[in-house]
Amino acid sequence: MRIATWNINSVRLRWPLLKALDAALAPDVLCLQETKCPDEFFPRAEIEALGFPHIAAKGMKGYNGVAILSRVPMQVIEDAPDWCARGDCRHLVALLDAPGGPIELHDFYVPAGGDIPDREANPKFAHKLDFVAEATAWTATRAPTRRRVLVGDLNIAPLEHDVWSHKQLLDVVSHTPIEVDAMARWMEQGQWHDAVRHFVPASEKLYSWWSYRARDWAAADRGRRLDHIWVSDDLRGKLQRQHILREARGWEKASDHVPVMVELAK
DNA sequence: ATGGTCGGAAGCCGA
């Protein structure tokens, strides 16, 4: 069972790249973020034709938007909160009909948080912290549930080597101690385990995002690991491998994020 | 030290 996540940065613009993603990773389930697409315009038929017959999409005009594309049947669960009471499309939950038993899958798109890492000076940063706090409290109530997977663009790079320069990013939104602490609480209270770092030592650099603003993203290699896959304790022993598809950043009309995938044994 | 580039509700705003 291969579960992947990708911030696609406009599904209408980039859905054709799913073909290359599928050739490289062959995910059974792919969670998308930043689809930027109202549900009535979601390229459903095109994506079904690529081999994902089960599609759940929750989008809005212009911003945000999440979707789950699946080869296995799934049931969308509707009892999640309206995060920060904004009506944003930043979260989908589905129960996957997975081999070995159902998996509760969460697809999150955490607010980026703006530029200034100060709750008082920057309402976007306050929104990010509030969102993570609500997600922490809610997923903690799910903690006793077996076989859970949480993926998404969480917009936080928690470890020193999840960014190109720990020292230079300590005051940059995505890597500040307040965000890193909030993420640690989220993982702890939800009993989540980092499924990608499970395979890659903390001392090794690991990124899933490179800014569009670099002249040469690969040469500069100033990345951050903003996209994550977490699993519940009972799935830790099932982890087979991880793959961060770095080459996707070099694709024609690339997203600034690359797909991240984890394989679970039955 | 600053500004650099994307995408869409565009000629600005969010990332």
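Labels below follow one simple rule: chain letters A, B, ... track the order of the sequence lines, proteins then strands, and each chain is numbered from 1. Only a predicted model underlies this, so the values are computations on that prediction, with no experimental measurement involved.
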*Asks:* What interatomic distance, in whole Å, is found between C1' of B:dT5 and the corresponding atom of B:dA10?
*Replies:* 15 Å

*Asks:* Does the protein touch nucleotides 2-8 of chain B at the base, only the backbone, or not at all? Give it as B, S and - per nucleotide, heavy atoms under 4.0 Å.
*Replies:* --BBSSS

*Asks:* Identify every side-chain donor-acceptor pair in residues 40-57 of chain A under 3.5 Å, counting partners at least two apart or on other chains, and give the distances.
*Replies:*
{"from": "A:R44", "atom 1": "NH1", "to": "A:I55", "atom 2": "O", "distance (Å)": "3.2"}

*Asks:* If I take atom CG in residue A:L154 and atom P in nucleotide B:dA15, what distance separates them, rounded to the nearest angstrom?
*Replies:* 15 Å

*Asks:* Going by the rule ring pair (Phe, Tyr, Trp, His ring centres under 6.0 Å), which residues pair with A:F108 if we only count those two or more places apart in sequence or in a different chain?
*Replies:*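 Listed in chain order: A:W83, A:H91, A:W186.
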
*Asks:* Can you see whether A:W210 has A:R222 sitting over its ring - NZ or CZ less than 6.0 Å from the centre and within 45° of the normal?
*Replies:*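 Ring-cation test returns no.
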
*Asks:* Salt-bridge test for A:R90 and A:D88: reply yes if a basic N is under 4.0 Å from a carboxylate O, no otherwise.
*Replies:* yes

*Asks:* Take atom P in B:dG7 and the same atom in B:dG3, then report the distance between them in whole Å.
*Replies:*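 After rounding to an integer number of Å, I get 22 Å for this pair.
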
*Asks:* If you measure from the C1' atom in B:dA15 to the same atom in B:dG4, how many Å do you get, rounded?
*Replies:* 14 Å

*Asks:* C1' atom, B:dC6 versus B:dG11: distance in rounded Å?
*Replies:*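 The same atom, C1', in both gives a distance of 15 Å.
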
*Asks:* Check the distance between B:dA15's C1' and A:E34's CD and give it to me in whole angstrom.
*Replies:* 6 Å

*Asks:* With DNA chain B as reference, determine whether A:M60 or A:G113 sits nearer its 5' end, using the nearest nucleotide of each.
*Replies:*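 The answer here is A:M60.
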
*Asks:* Measure from CZ on A:F125 to P on B:dA15 and round the result to the nearest Å.
*Replies:*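 About 14 Å, once rounded to whole Å.
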
*Asks:* Whole angstroms only, please: what is the CD1-C1' distance between A:I116 and B:dA15?
*Replies:*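 Rounded to the whole Å, the gap is 15 Å.
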
*Asks:* Strictly below 4.0 Å, N to O, side chains only: are A:D221 and A:K205 in salt-bridge contact?
*Replies:*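 No, no charged N to carboxylate O under 4.0 Å.
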
*Asks:* Applying a 4.0 Å non-hydrogen cut-off, can you work out what A:R90 is touching in the nucleic acid: base, sugar-phosphate, or nothing?
*Replies:* sugar-phosphate

*Asks:* A:T139 side chain to A:R142 main-chain N or O, any donor-acceptor pair under 3.5 Å?
*Replies:* no

*Asks:* Do other residues, nucleotides or ligands put more than 12 heavy atoms under 6.0 Å from the CZ atom of A:R146?
*Replies:*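 Counting neighbours around CZ of A:R146, 12 or fewer heavy atoms of other residues, nucleotides or ligands fall under 6.0 Å, so no.
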
*Asks:* Starting at atom CG of A:D115, determine the distance to atom C1' of B:dG14, rounded to an integer number of angstrom.
*Replies:* 10 Å

*Asks:* Check the distance between B:dG14's P and A:N64's CG and give it to me in whole angstrom.
*Replies:*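 Answer to the nearest Å: 11 Å.
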
